[in-house]
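Working notes, structure below.
In listed order, ligands and their atoms are each counted from 1. Predicted, not measured: the structure shown is a model, and the values here were computed from it.
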Amino acid sequence: MALRETAGERRGESGHQALTPATEEPPASPHKPAGATLVQAASTMNLEKAGGRLCGGKRASLPAARPFPVIQKVMASMAHLQEEKLRLQEEVVGLQEKLTARENDKLSHSLQLQGQVETLKAKLLEQAQEIGRLRSELQGCMDAEKHRDLLAAENERLRQEMKACEGELRELRRRQQQQAPCQDCAHLQENTELQERLSQLQREAEETRAKLAELDLEVQQKTNRLAEVELRLKDSLAERAEEEERLSRRLRDSQETIASLKSQPQQIKYIIKTVEVESAKAKQALCESQSRNQYLQEQVGMQRQVLKEMEQQLQSSQKTAAQLRAQIMMYEAELERAHGQMLEEMQAMEEEKNRAIEEAFSRAQVEMKAVHENLAGVRTNLLTLQPALRTLTHDYNSLKRQVRDFPLLLQETLRSARAEISQAIEEVHNTNRELLRKYRRELQLRKKCHNELVRLKGNIRVFGRVRPIMKEDGEGPEAANVVTFDAEDDAVLHLLHKGKQVSFELDKVFPPQASQEEVFQEVQALVTSCIDGYNVCIFAYGQTGAGKTYTMEGTAANPGINQRALQLLFSEVRGKAADWEYAISVSAAEIYNEALRDLLGKEPQEKLEIKLCPDGSGQLYVPGLTEFSVQSVEDINKVFEFGHVNRATECTNLNEHSSRSHALLIVTVRGLDRSTGLRTTGKLNLVDLAGSERVGRSGAEGSRLREAQHINKSLSALGDVIYALRSRQGHVPFRNSKLTYLLQDSLSGDSKTLMMVQVSPAEKNTSETLCSLKFAERVRSVELGPVSRKAELASWPSQEQLEGDSPGTSAPPGRGHASPSPGQLSSRAASIRRKLQTTGKLRPVPV
Ligand code: ADP
Ligand code: MG
């Protein structure tokens, strides 16, 4: 509907606009009708309108020149459309003609069918007459039995025929109802079928007639024969009657003669004599006559018998004939009834046929009407579609134009897109460069910020770790726990000393249940900063048996900071492998009695010297200190084992020795930024310090005293250095001990230091715990103030000063453990060294 309305409106518009050109200009071609020109003109107008509508702003961008080819094209397309319209009109006319032809066909077909019905009727009438005639012919026929059978068979056949006719009629009706598309063919076929059926019926009627004639003849013959027999019977009966009469008359005559003869005795005597004379003759004649009479009487009796039988036969024949007649009558009545039925059925069939024909006719008319309506619809559609077609043509033309211009536009667009893309790439490149620059700057900034943060937090941080109570602590009050923690502040711990609770505040406190992992979590930021080129020192401080070695080295199942730090370094380095190239190497050294020894060297007992670099950089180096390059955890384990073995070789009791010496693991991370060529070197110094416990001042002597003095000296020196660094003093007394001197680079400048103060919670270690915690607090409480303050502050307290309270006498746990013999260890060290060198993984690297 919408389409039609729109089309109607368009038609209205075009019609209105088409008036002017149509009146002004005559039709261009004599062949074209005036309407075509009108439509064409209207289309042109519409096209222009639609073009204006469709192209809109585009028109300005499309070339405005060349109007003539466009008009020519439009004209050509309009002419084409006109031709199309004419063709369609012709098609419509053709369709109409076809429709009328079909109607005529239908009409003639129905007439034909009516004619066929008429002929069938006539045939039926003929058959009825024939039957009547046959009936009349059959009258008098004595062979009724056969006739009856024949008639019954005929009747049956006719019934079947009737049924077949009914079936045919039904089929005909059904076909008419169905109105098959190939109606003509179906009717023709039906006609031929009916004609065939009719001829068959005729043939059958002919045959019946012939049969009837034969039967008639037979009956006639039989009737004649019967009449003859009857006639003969009558004749013989008459003959017999005559003979009888004659004989009885002769008898009577003879008897009369005898009587008359008896009454005349003379005569009779004479006669008797004569008769006697003649009697022999007479007697003979009499005898003859009597025998003859006898014979004749017998004959008469026989004849009478025969007559009687014949009469009986006649009677039975007459009876049978009467019965047959009655039967014939009955059959006739039945035939009559059947005929009536047949007629009625024929009538009904006829009516049905007529009705079917009428229905078919009316349906055909309705269809015809519908077809007419459809045709009208098609016509209107055609009329309404024309403007739409015009618009479509216009759209198509404009699209064609656009398609033609498309490659140019595409090229243009591609060119501009390419330019834009290359510009964008350039911009992105620039932005990238800028971003990279900014990123680098940010990195620097981050580093600065990180440093600042660390500085603010303190480049020197102090953590406390309390080991759990152990079996070695013994039992009873001595092993009682004297260390408690603040539930809300993880930087505070309380120590029960002489019935009083002393509180200490550090940067972080790890309770006994804190795992190695948790401890490392807090340390790992320091470790990774080593990759960025910072020097880091992590010290484990505390009395022997407080857990220093456990924190630094840990156990095989639960490694400490050393192994975890190297693992972390490996994974971090792997993560940065795209941009950076890193080399990690390790050295292990020991400071015992202020002597520095290489734990990875061939000769561990050799004392090494710390010297200034000859290049004038002011940096220190240890000539002869072995440095192994490591690439995996396995390498580290081998290095550690080697260091252990070397360390154990040189002492009788490793535990005791280790508690009296400082063990250093120096990890150097050298990096190269592939993009910038920037080189960084970071050092991670992991130091397991000697036991901080005070050896009995009174009792110690000889080597024990020397050891104690050296340890005190070096730990005090470390305290002094840290103090000097935190208070930013101009002079930092690095040279006061081998340890601080060796770690000078890693303690000064931007370096970061962590002091992990290990304490035992057992009551018997309270005094040492107090000392360690005081040391920790003092290290931490050194204020990062202005330089001016440093004058106010006194120097770092000595180990004795740190005591504050009465010295503890408790012996550190773990001392005096049995160790392998030096001979065994030296051979093992040599074998590990061989292994390391042959694998080629560990090469001595100059510092
Ligand atoms: P140090 O090195 O200070 O002399 P150790 O590290 O040898 O002390 O520790 C002494 C004992 O205490 C070792 O048997 C160690 O396993 C154990 N130990 C120390 N700290 C802990 C802890 N946090 N958890 C469990 N056991 C510990
Ligand atoms: Mg130890």
Ligand 1 contact by [X], heavy-atom criterion under 4.0 angstrom:
X: E553; result: no
X: P468; result: yes
X: Q516; result: no
X: G542; result: no

Qualifying residue, where the test is ring-ring contact (aromatic ring centres under 6.0 Å, His included) with F775 and the options are F504, Y541, F539: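 Option passing the ring-ring contact (aromatic ring centres under 6.0 Å, His included) with F775: Y541.
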Output the list of atoms in ligand 1 that are nearer than 4.0 Å to some heavy atom of [X], sorted by atom number.
X: Q543; answer: 3 (O)
X: T544; answer: 4 (O)
X: R465; answer: 23 (N)

Do T740 and S737 pair up side chain to side chain, a donor and an acceptor below 3.5 Å, judged on atom types alone?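 Side chains of T740 and S737: pair found under 3.5 Å.
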Counting only heavy atoms, tell me which of D473, T549, I469 gets closest to atom 7 (O) of ligand 1.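 The residue whose heavy atom sits nearest atom 7 (O) of ligand 1 is T549.
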So, are [X] and [Y] salt-bridged, with charged N and O less than 4.0 Å apart?
X: E594; Y: K738; result: no
X: E707; Y: R704; result: yes
X: K576; Y: D673; result: no

Has K752 got its NZ or CZ under 6.0 Å from the middle of the six-membered ring of Y534, at an angle within 45 degrees of the ring axis?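 Judged by the rule (NZ or CZ under 6.0 Å from the ring centre, within 45° of its axis), K752 counts as positioned above Y534.
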Using a plain distance cutoff, I'd like to know if [X] has any nitrogen or oxygen under 3.5 Å from a nitrogen or oxygen of ligand 1.
X: R467; value: no
X: G547; value: yes
X: G545; value: yes

N/O/S atom of T549 under 2.8 Å from the Mg ion (ligand 2), yes or no?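 T549 does place an N, O or S atom closer than 2.8 Å to the Mg ion (ligand 2).
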Which label fits F510 and F463: parallel for a plane angle under 30°, tilted from 30 to 60°, or perpendicular past 60°?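 Judged by the thresholds at 30° and 60°, the geometry between F510 and F463 is perpendicular.
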E472, portion touching ligand 1 at heavy-atom distance under 4.0 Å: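 Neither; nothing of E472 gets under 4.0 Å from ligand 1.
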Would you kindly specify which portion of Q758 sits under 4.0 Å from ligand 1, judged on non-hydrogen atoms: side chain, backbone, both or neither?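 None of Q758 does.
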For the pair R564 (side chain) and P559 (backbone), establish whether a donor and an acceptor sit closer than 3.5 Å, ignoring hydrogens and angles.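 Yes, R564 side chain to P559 backbone: donor-acceptor pair under 3.5 Å.
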Donor-acceptor pair, T753 side chain versus L747 backbone, under 3.5 Å?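 Pair absent, no side-chain N/O of T753 close to backbone of L747.
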